[in-house]
There are 2 protein chains.
Amino acid sequence: MTIRLAIVNDYEVVVRGLASMLRSYSDRIEVVELDAGTDPAARVDIALFDTFAQSFRDRERIARLVRDPRVGKVVVYTWGADDPSAGSGQPPGIAAYVSKRLAAADLVTALERIHADEPVRRQDSGHGPLVGGDWPGREEGLTARESEVLSLVTQGYSNNDIVETTMLSINSIKSYIRSAYRKIGVTTRSRAILWGIDHGFQPDRVRLDDSGGSPEHR
Amino acid sequence: MTIRLAIVNDYEVVVRGLASMLRSYSDRIEVVELDAGTDPAARVDIALFDTFAQSFRDRERIARLVRDPRVGKVVVYTWGADDPSAGSGQPPGIAAYVSKRLAAADLVTALERIHADEPVRRQDSGHGPLVGGDWPGREEGLTARESEVLSLVTQGYSNNDIVETTMLSINSIKSYIRSAYRKIGVTTRSRAILWGIDHGFQPDRVRLDDSGGSPEHR
DNA sequence: CCGCGATACACCCCAACAGGTGAGCACGGG
DNA sequence: CCCGTGCTCACCTGTTGGGGTGTATCGCGG
């Protein structure tokens, strides 16, 4: 019996990339995008919350998923900070955290174990490159991290805001920003924002799973 | 005999505002927007180059107007720095400079005198508010200056860039930026840029009079 | 005539950002 | 097995930006 999975992220390309990464496992995982077009009543076994350029303060978002009767378990797909429970309290109701550094096969296995209520060992396996998936700016030569911080820059966040949403050090943020600047050919934050807007680095913001919430100010 | 006038500026509101300000003088001035839709072969007596958020370094732009066989005289509609010939050499071929602080009636008279090759006394009359006209962000409570610098901010210019294009002091720039921030409710440049994009503070960039030029990198 | 708003500029302070260098660790390919 | 790439962080420096306050002139409206 296949697991019905929803991928939650505001970036079209992220959702599609993750979906295509899981396509070869369609016998074990069925990806049901919680997008416009899907029946609001459709039930899913697991909602996979992808943290790419998601505000971690958007605990609201996760809380809404947990409350949602259509959603079985909520799993956070994160960069695998070795201790996700660190920081000032995570929102309750999360079934598990899985690392973005897992290979596709391991991701699928992990999801299956979570669905079967088996304990998942935190097998983060250290630091390695993100396998599979997709993200905005990939063809421009940006790495996943660079794209992530650039997305947040494009949305008008300060470096300190980005520290909070990514749980990285301020120094790392600055490093990623600099290398991203070099790759996209800008030297100021302002130009980077304009570049980002021109290249689809702003979230789409029209999601069904977000409906019911307040109409994002933006 | 009426004077055929073209208003040159990338901002729709600016062109329309100036046109409506001159509407009551339609017996003496006929406004022919050099916009898409106008026959490229249409001749105008005077091209009025509005410097609102125009790069003053865009001397290219003025030079192209001067060269254009469809254009009689080129007049620069500026803030009326008392000495427009100041700075590092203005582009040649400009028939006159007229101040933005002139009332509509005086503007019309000045254009008539210029057209008749009569000398125009520099009657700048000091510092006063801009009369008539229109600019983006007017209804948001922004003054013409605030809107102008905000436009340039939105386009990704640094404060020093803005100094060059507006010929104001860096201190003035910062003052205008701060008061604009207060009015639109932001505290950082990044947010101001996003606000500007959401409120049409970017030039339109599809002008016939600009055709033949290189496709703006933007 | 006096206040108010707009333009224009000055001086000051401090936080934020840009840019450089270096360094450790993990992984994958030659 | 080393080399390159990506992720992570640190330290340092210089420039830019944000914010406050104050001053001056002009023009409009009460």
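Proteins get letters first, then strands, A, B, ... in listed order; numbering begins at 1 in each. Fair warning: this is a prediction, and the values are worked out from it, not measured in the lab.
- B:S158 comes within 4.0 angstrom of sugar-phosphate atoms only, judged by non-hydrogen atoms across all strands, and of no base.
- Proximity note for B:N171 (side chain, C-beta onward) versus C:dG19, C:dC11, D:dT8: the nearest is C:dC11.
- Not one N or O on the side chain of A:T51 forms a donor-acceptor pair closer than 3.5 Å with the backbone of A:Q54.
- Under 4.0 angstrom from either OP1 or OP2 of C:dA8 there lies no side-chain N or O belonging to B:S175.
- Residue B:R189 has a polar side-chain atom (N or O) positioned under 4.0 Å from OP1 or OP2 of D:dG17.
- The shortest distance between side-chain heavy atoms of A:S151 and A:Y11 falls below 4.5 Å.
- An OP1 or OP2 oxygen of D:dC7 is reached within less than 4.0 angstrom by a side-chain nitrogen or oxygen of A:T143.
- The distance from atom CD1 of B:I170 to atom P of D:dG18 is 11 Å, rounded to the nearest whole Å.
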Carefully, step by step, assess A:I184 and A:L150 under the rule side-chain contact (heavy atoms from CB on, under 4.5 Å).
CA-CA 10 Å; A:I184 69 178; A:L150 197 50; 4.1 Å; yes
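- Taking A:S175 as the reference, A:R178 meet the side chain to side chain contact (heavy atoms under 4.5 Å, CB included) condition, with sequence neighbours excluded.
- A sub-4.0 Å separation between OP1 or OP2 of D:dG17 and a side-chain N or O of B:N159 is present.
- Candidate nucleotides D:dC9, C:dA8, C:dA18 were compared by shortest atom distance to the side chain of A:S172, and D:dC9 ranks first.
- Contacts of residues 181-188 of chain B with DNA chain D (heavy atom under 4.0 Å): B:Y181, B:T187, B:T188.
- Proximity of B:R178 to the phosphate of D:dG20: no side-chain N or O atom is located under 4.0 Å from OP1 or OP2.
- In the helix from C:dC1-D:dG30 to C:dG30-D:dC1, the rotation axis of the first five pairs and that of the last five pairs differ in direction by 30°, rounded to 10 degrees.
- Remark on DNA chain D: of its neighbouring residues A:G141 and B:I177, the 5'-side contact belongs to A:G141, judged by nearest-heavy-atom nucleotide.
- Side-chain N or O atoms of A:T154 include none that pairs as donor or acceptor with a backbone N or O of A:Q202 at under 3.5 Å.
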